[in-house]
Amino acid sequence: MSAPSKLPVIHVRPERGAGVLSPLEVWRFRALLWQMTVRNFQSRVVISPLSLVWGFIRPDIMTLAFVYLRQISGADFGTEVPYALYIFSGFCLWFLFQDTAIQVAGSLAADAGVSQKVYFPKILSPLAIVLSRWVDVLIIALAVLALQLAMGVPVGPAFVYLLPAVATLLLLAFALGVLFAGLMIYHPDNRKFLETLLYLGLFLSPVLFSKKILPEVAQDFYLFNPMVGILSAIRGSMFAPETIDFLAWQVAAGFSVLLSCLGLFVLAGAARNNAEKI
Amino acid sequence: MRAAKLASKAPPPVTNESQLIAVDVRGLSKRYRLSSGATDLSPTGSAKKPKKAGRDFWALKDVSFTLNRGERLAIIGHNGAGKSTLLKLLSRVINPTSGEAFLHGRATSLLEVGTGFNPNLSGRQNIYMNAALHGMSRAEIDTKMKAIIDFSEIGQFVEEPVKTYSTGMRSRLGFSVAAHIDPDILMLDEVLSVGDASFQQKCLSRMDDLTGNGRTLIFVSHSMDSVSRFCDRAIWLDKGRVRADGDVMAVSAEYSKSTGVKSSIASGANRRKPDTTQPTKFLPAGAVGEAELISAKVVNSAHKTSTVGKLSDKVGIAFEYAVFAPAIYVPTIALYGPDSRLLFWSVPSKNILDNYRLAVGEYSATVWIPGNFLNVGRYSVSLGLVGPDHSPMERYFLSEKALSFQMIEPLDGAASARGILPRDFPGPLRPLSEWDMQRLDEHVALQTSSTKRA
């Protein structure tokens with residue numbers, strides 16, 4: 001035991017503001033954050049050994065279906081790279097985004113059994129989900145790169161932007177998930193709303209088509225869909241023929257940061273006042 | 001008690017006095033709002049008043065106390081008294097509505113054994129997760145890993161998924177992790193009853209180690225026996241408020257009274273009194289007498305009324321009665337065990353009839369149940385006065401289960417029938433029996449050892 005004068009002091013009091021999400025607390029519990037990240041990854045692999053490759057098997061199936069539909073319809077989706085590569089990358093990223101957001105939203109409920117018995121900063125649960133998804137990012141990147149090289153699409157110098165672009169995608173998924181994690185504490189039905197929103201988002205985002213097929217006026221407004229900038233940044237950093245829309249990416253990054261703040265604010269309030277409801 | 005709301009945000013200044021304080025609780029309160037129906041609890045953790053109309057329920061109200069370093073505090077009370085709420089607040093699992101508390105040192109709470117176990121992961125993987133939850137770093141876990149596995153006795157199964165473990169194995173693993181936490185302040189909520197008998201003994205020994213060495217303990221329990229074993233001070237919570245705070249034996253005794261333990265009874269001031277002015281004329285055996293109970297009480301070895309008795313001490317049942325007609329009277333008691341089953345009847349053992357031939361007047365009788373005879377638990381007593389010279393036997397009065405008392409076994413170093421075994425002995429009796437043990441083949445053993453030496 002330490003000397004009395006050097007002992008840490010824990011102050012128990014009614015929480016106000018975003019105190020429950022203090023970065024200092026996260027730092028203090030960094031060992032637990034790491035363990036939760038490892039646990040999330042390990043439990044996924046143990047329960048479903050194929051869960052890692054599922055990240056590109058599902059997009060594979062969807063890609064086959066949409067490529068066939070395009071062939072029989074003869075539609076032009078305005079892509080600079082082969083359509084199969086375009087939508088394969090789109091589906092991979094969309095499913096990564098969608099699964100992460102849903103898991104983050106449900107992370108507090110998943111850890112409820114623990115959080116009602118042991119104290120730890122509530123933000124650790126969603127953070128651990130996002131951190132554990134980086135393994136999926138690596139696998140997806142390798143799968144897309146393999147298809148890209150097989151189709152003869154070169155990798156350009158913008159490759160250096162890949163990491164921050166993927167980070168923006170995960171930040172947006174975190175922000176949306178955290179917002180709904182907070183809302184779900186008040187009303188569990190918000191999960192259905194999130195799922196519907198994400199399903200709709202698949203068709204409103206440039207996953208299946210390029211924004212170039214839209215009228216110019218619409219393209220300006222389209223920037224406000226954060227997935228436009230993020231998908232453009234990731235595809236542009238991987239496929240040489242595609243260009244990064246930096247303005248759209250900046251909008252997306254700014255939006256993700258703002259949404260994160262809003263999400264954390266909502267989560268802090270919900271966790272502060274409804275700890276027992278989680 | 002101090003005011004419920006205190007504005008101060010900074011910890012109290014460090015002085016020589018405050019360096020001795022481990023836990024400082026100031027007006028801690030927790031409010032829930034009953035939104036609809038009596039059982040629907042809607043928590044309102046913030047200090048703000050709830051916006052919607054609803055009835056407030058204070059699970060904890062204005063609780064204040066300080067705990068010095070090395071003190072071992074028991075929190076006792078009925079179900080719903082606020083014991084677990086207090087522990088959850090101090091553990092920061094939930095937020096207080098008002099008030100504050102300062103915990104000086106590394107604090108760990110054990111509200112449940114095996115919290116956070118993932119059934120799909122191996123024992124080893126779960127040790128990492130569970131230990132991290134209790135604030136251990138990766139390096140610390142690696143250092144203690146072997147000790148944790150050894151203590152849990154799960155051996156080679158540590159690499160198997162926890163879902164393949166028996167309930168006992170899971171509990172042992174959970175407790176083993178908990179047993180290797182090294183906090184300054186340890187908060188426990190009824191987590192000691194895990195595993196089989198021999199593992200329980202290990203747990204209890206480990207708890208003794210943990211709660212020794214100047215560590216501060218806060219222990220919530222319904223078991224007066226556990227409380228008296230681990231704690232030297234107790235707080236009795238009643239409807240969210242502190243009802244008593246003090247020495248564990250004194251508070252336990254007070255609490256026992258509230259749980260229906262009745263250590264004394266007495267008839268009212270207007271009771272009928274025997275007329276002792278008339279000369280007594282003894283009648284031959286078979287005369288019908290008349291008597292009433294005046295009072296009765298459970299007493300300890302110091303002849304003081306007590307609701308709680310130590311296993312090693314004798315317990316007395318003292319009662320007074322009024323005799324209104326000369327006859328033969330034999331006082332008697334019946335003792336019932338914790339399961340309400342009759343254990344024995346007892347009457348005075350002298351077999352001289354004149355000892356029981358009583359004139360009109362008031363009498364007392366005390367029967368002593370020897371120490372190291374009963375087990376831990378609650379016992380009740382029936383009292384009676386009978387006339388054995390009648391057939392069927394005359395009952396002048398019989399007061400069924402009029403008194404009760406709680407037997408506990410504090411760690412006071414007294415000789416104990418439990419030997420080296422855990423104390424949860426089955427059955428209502430636990431006599432300190434005399435045992436003789438010796439080796440039968442001692443000459444063979446001696447020969448073997450001397451041959452080896454040669």
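The chains referred to below are lettered A, B, ... by the order of the sequence lines, with proteins before strands, and numbering in each begins at 1.
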- Would you mind telling me which of B:Thr108, B:Val23, B:Asn118 has the largest number of heavy-atom pairs within less than 4.5 Å of chain A? B:Asn118
- Once you round to the nearest 0.5 Å, how far does CG of B:Leu90 lie from CD1 of A:Ile10? 10.0 Å
- Do A:Pro14 and B:Asn95 have side chains that get closer than 4.5 Å, going by heavy atoms? no
- Query: Would the number of heavy atoms belonging to other residues, nucleotides or ligands and lying under 6.0 Å from CH2 of A:Trp34 be above 12?
  - Reply: no
- Query: Side chain, backbone, both or neither: which part of A:Val118 has an atom under 4.5 Å from a heavy atom of chain B?
  - Reply: both
- Message: So A:Val38 and B:Tyr128, do their side chains get closer than 4.5 Å, heavy atoms only?
- Response: no
- Item | Residues, nucleotides or ligands: over 12 heavy atoms within 6.0 Å of B:Phe157 CZ | no
- Message: Using 0.5 Å steps for rounding, measure from the CG atom of B:Asn130 to the CZ atom of A:Arg39.
- Response: 11.5 Å
- Query: Non-hydrogen atoms of chain B under 4.5 Å away: do they reach the side chain of A:Ile47, the backbone, both or neither?
  - Reply: side chain
- One option among B:Ala101, B:Ala132, B:Pro161 has the most heavy-atom pairs under 4.5 Å with chain A, and it is B:Ala101
- Item | Side-chain heavy atoms of B:Glu100 within contact of A:Val12, under 4.5 Å | no
- Side chain, backbone, both or neither: which part of A:Arg30 has an atom under 4.5 Å from a heavy atom of chain B? neither
- Query: When you look at B:Met129 and A:Met36, which way does the side-chain contact (heavy atoms from CB on, under 4.5 Å) test go after all the steps?
  - Reply: CA-CA 7 Å; B:Met129 178 65 198; A:Met36 289 171 93; 3.5 Å; yes
- How long is the gap from CG on A:Leu32 to OG on B:Ser137, to the nearest 0.5 Å? 12.0 Å
- Task: Check the surroundings of atom OH in B:Tyr165: do more than 12 heavy atoms from other residues, nucleotides or ligands lie under 6.0 Å from it?
- Result: yes
- Within-4.5 Å side-chain heavy-atom neighbours: A:Gln42 and B:Gln125: yes
- Message: Once rounded to the nearest 0.5 Å, what's the spacing between atom CG of B:Asn126 and atom CD of A:Gln35?
- Response: 10.0 Å
- Rounded to the nearest 0.5 Å, what separation is found between the CZ atom of B:Arg92 and the NE2 atom of A:His11? 11.0 Å
- Nearest heavy-atom pair of A:Tyr119 and B:Val93: which atoms, and what distance? N-CG2, 3.9 Å
- Note on the structure: So, the part of B:Asn120 with a heavy atom under 4.5 Å from chain A: the answer is both
- Query: Between OG of A:Ser115 and CG of B:Leu133, what distance do you get to the nearest 0.5 Å?
  - Reply: 10.0 Å
